[in-house]
Amino acid sequence: MPNSILKVENLKKSFQIAGGLFQKKQYVNAVIDVSFEIEEGTTFSLVGESGCGKSTTGRLITRLIAPTNGSIIVDGKEVATAKQSELKHLRQTVQMIFQDPYASLNPRMKVKELIGEPLEIHTKLSKAEREKLVLEMLEVVGLNAEHADRYAHEFSGGQRQRLGIARALITKPKLIIADEPVSALDVSIQSQILNLLKQLQQEYKISYLFISHDLSVVEHISHYIGVMYLGSIVEIGRKETIFNEPKHPYTKALIASVPIADPTLRKKKIVLTGDIPNPKNPPSGCTFHTRCPFASDICKQAIPEMKKINEEQSVACHFVN
Amino acid sequence: MTSPTTMQNSQVQNTQKKYSPLKEFWKSFKKQKAALVASIFIVLLIVVAFIGPYIAPYDPFEPNYDALLEGPSASHLAGTDEYGRDIFSRLIVGAKISLMVSFSAVFLGLILGTILGLISGYFGGWIDKIIMRSCDVLFSFPDLLLAIAIVALLGPGINNVIIAVMIFSVPSFARLVRGATLNAKENVYVEAAQSMGASHVRVLWKHIFPETISELIIFVTMRIGTAILAASGLSFLGLGASPEMPEWGVMLSSGRDYLGTSSHVVIMPGIAIFLTVLAFNLIGDGLRDVLDPKIKNN
């Protein structure tokens, strides 16, 4: 791959859920084994049901939490094992956009303070210089200069998400991790924000790690897609191949669940039954076998390996060759 | 897309003109009549404390052996004490001592307790355990008993009373701020600040501390009342201000021998203490009704 901005290998995170001084310690594996790579200027989407570990993966990459195992290489530098004090490079290269535009902006700060905060942290610019950049950035995200003296609660959801994007963009990051950035917005506003993100990507050559459960959103914005189930990536590939020729039964079921407006186009669907198993006590073998319509004995015993089936697609399933 | 945006802009402008946190506060605080009256009383008291020596009708230290233990009259509004000193003048000058002791003790307790509470709530883990268990140890003593023990250790005197009252204020502040910090820490914007590389100090100061302020304001006013009581109590026991000082607790203490014959010697400083503590508590109650988010939402 040309110039990868982010390379994640065998990332693992387990959280302690019980235990202490005198009790047996219990762990839950939120992220079991995740590997992927993002090229400069492209969008990689992580999709999956809630609780599959996609948000945790995002938080691991920004080092809001420390990984248990594995390697995260951001712009050529290993950050998985770095100490918090050594992460200055990461904090400038990677920024985050959050799901809830209401909660992610401090209600006590004015817009110019909110958006100028990353500059205050990372640069030695004077207050006037920072404000100038903030005003420019407001224009870039489709707001205007007169908004700078207001508080976040005076804006609508879509406008707030624009503020969140402006804040993420102002340090000129190379990678933006967008954790469900449009799922709290109205559908009509969603497309505005997605188009803004796409437009900014072209202008500034930013890469996105886009975390979402909404496949129609993912289809709109991604170049590559990784499908996660219970802490592992089960299928990974170019957007077109994932949508047109999904190989893993879970991917097939997810894509079949996207509503299609034309009833004559309705195909035979895989409909998943049951809930996601409890990650505290994951199923043996292939973690998907409890819900997979094609499961057989081998699925209960052996964990399927990630197999590269062509240049553009890898799948972890025993029945795909 | 342009027309809806401009429409929203004009709406935003309209709401912005109306919004001012201070005005909002004043609007609801005005309705708290008792607290309003109490605040006026406290403001007057603070003014009196500053200009006391200049407006006092008599010298508060000058004995007058022609007017011993006189009851309240036109020339001595609150009567005179066992040395013939004008009690009203002594109360006015004493206001400064009482307020100074309680304000500085609570202020110092506030700073120390807030820092400990922020650290404890934000970092959690063993730091939290050490700070909170130490606070529990201090909590296990009754307030005044703890203060007496501290003054006994440090020796009597106004400064040591301030230290003692401060020390027993610290754990309450620490616990309050820790609770508010645990809440504030869950805000997504705190995580956002961390993800953009803000230092711990910055996150605590800019994003978490402001969330604790409204609870702190309420608690400080309540705590000043308690501090005045404790400081007077210590002085009454002879552990605080020296006997010739016009401190309210000292006046109570030296007057108690004459309780049967000239009760005004005790009643007047008693009323001063009572009114001041009551006023601070009323302000605290009023502020709670206005500022406490749990009550405000109902």
Side-chain angles (χ1 to χ4, degrees), chain A residues 58-59 61-65 84-85 87-109 113-114 117-122 142-144 146-147 149-156 158-159 162 164 167-168 170-171 173 177 179 188-189 191-192 195-196, chain B residues 1-25 122-126 128-129 133 180 183-214 216 291 293 296:
Chain A
R59 287 157 51 98
I61 292 164
T62 52
R63 279 301 306 276
L64 282 171
I65 45 179
Q84 283 294 334
S85 52
L87 291 175
K88 207 165 166 53
H89 171 73
L90 170 78
R91 300 280 179 232
Q92 273 183 298
T93 320
V94 181
Q95 292 292 327
M96 260 189 116
I97 301 173
F98 293 86
Q99 171 172 13
D100 186 349
Y102 292 84
S104 58
L105 302 170
N106 190 336
R108 290 168 203 276
M109 287 165 85
E113 297 164 329
L114 278 171
E117 193 174 18
L119 291 176
E120 216 178 314
I121 294 167
H122 291 294
L143 298 167
N144 45 49
E146 66 194 55
H147 291 117
D149 278 316
R150 298 191 187 148
Y151 292 92
H153 68 86
E154 297 172 47
F155 294 87
S156 67
Q159 287 179 316
R162 287 173 192 268
R167 178 172 67 179
I170 200 155
T171 52
I177 297 181
D179 188 355
S188 54
I189 310 291
S191 54
Q192 286 181 15
N195 288 335
L196 174 66
Chain B
M1 204 189 104
T2 29
S3 66
T5 323
T6 41
M7 198 189 73
Q8 278 166 347
N9 286 350
S10 62
Q11 280 172 350
V12 165
Q13 242 161 8
N14 289 340
T15 53
Q16 197 216 4
K17 270 175 196 152
K18 283 180 220 150
Y19 183 77
S20 154
L22 213 65
K23 258 185 209 159
E24 293 275 303
F25 167 77
Y122 181 71
F123 292 104
W126 59 269
D128 179 33
K129 287 211 173 85
R133 291 303 82 78
N183 266 332
K185 197 167 74 161
E186 296 304 315
N187 285 319
V188 183
Y189 58 78
V190 170
E191 199 182 331
Q194 289 167 337
S195 82
M196 66 178 87
S199 63
H200 291 314
V201 175
R202 186 187 178 83
V203 172
L204 280 170
W205 180 245
K206 279 251 172 181
H207 298 281
I208 292 183
F209 176 66
E211 293 295 303
T212 66
I213 287 179
S214 59
L216 275 178
L291 294 176
K296 208 158 54 169

Top of Met109(A), Arg63(A), Glu120(A) for chain B proximity - count of heavy-atom pairs under 4.5 angstrom: Glu120(A)
Checked Arg108(A), Gln95(A), Gln92(A) vs chain B; the most non-hydrogen pairs under 4.5 Å come from Arg108(A)
Can you tell me how far [atom2] of [Y] sits from [atom1] of [X], rounded to the nearest 0.5 angstrom?
X: Asn187(B); Y: Leu105(A); atom1: CG; atom2: CG; answer: 11.5 Å
X: Arg202(B); Y: Ile121(A); atom1: CZ; atom2: CD1; answer: 4.5 Å
X: Glu191(B); Y: Asp179(A); atom1: CD; atom2: CG; answer: 8.5 Å

Between [X] and [Y], which heavy-atom pair has the shortest distance, and what is it?
X: Met196(B); Y: Arg167(A); answer: CE-CD, 3.4 Å
X: Ser104(A); Y: Tyr189(B); answer: O-CB, 3.3 Å
X: Leu64(A); Y: Ser195(B); answer: CD2-N, 3.7 Å

Do Glu117(A) and His207(B) have side-chain heavy atoms sitting under 4.5 Å apart? yes
What residues of residues 96-103 of chain A make heavy-atom contacts with chain B at a cutoff under 4.5 angstrom? Met96(A), Phe98(A), Ala103(A)
Heavy-atom count check: over 12 atoms from other residues, nucleotides or ligands less than 6.0 Å from Lys129(B) NZ? no
Salt bridge present between Lys206(B) and Glu113(A) (N-O < 4.0 angstrom): no
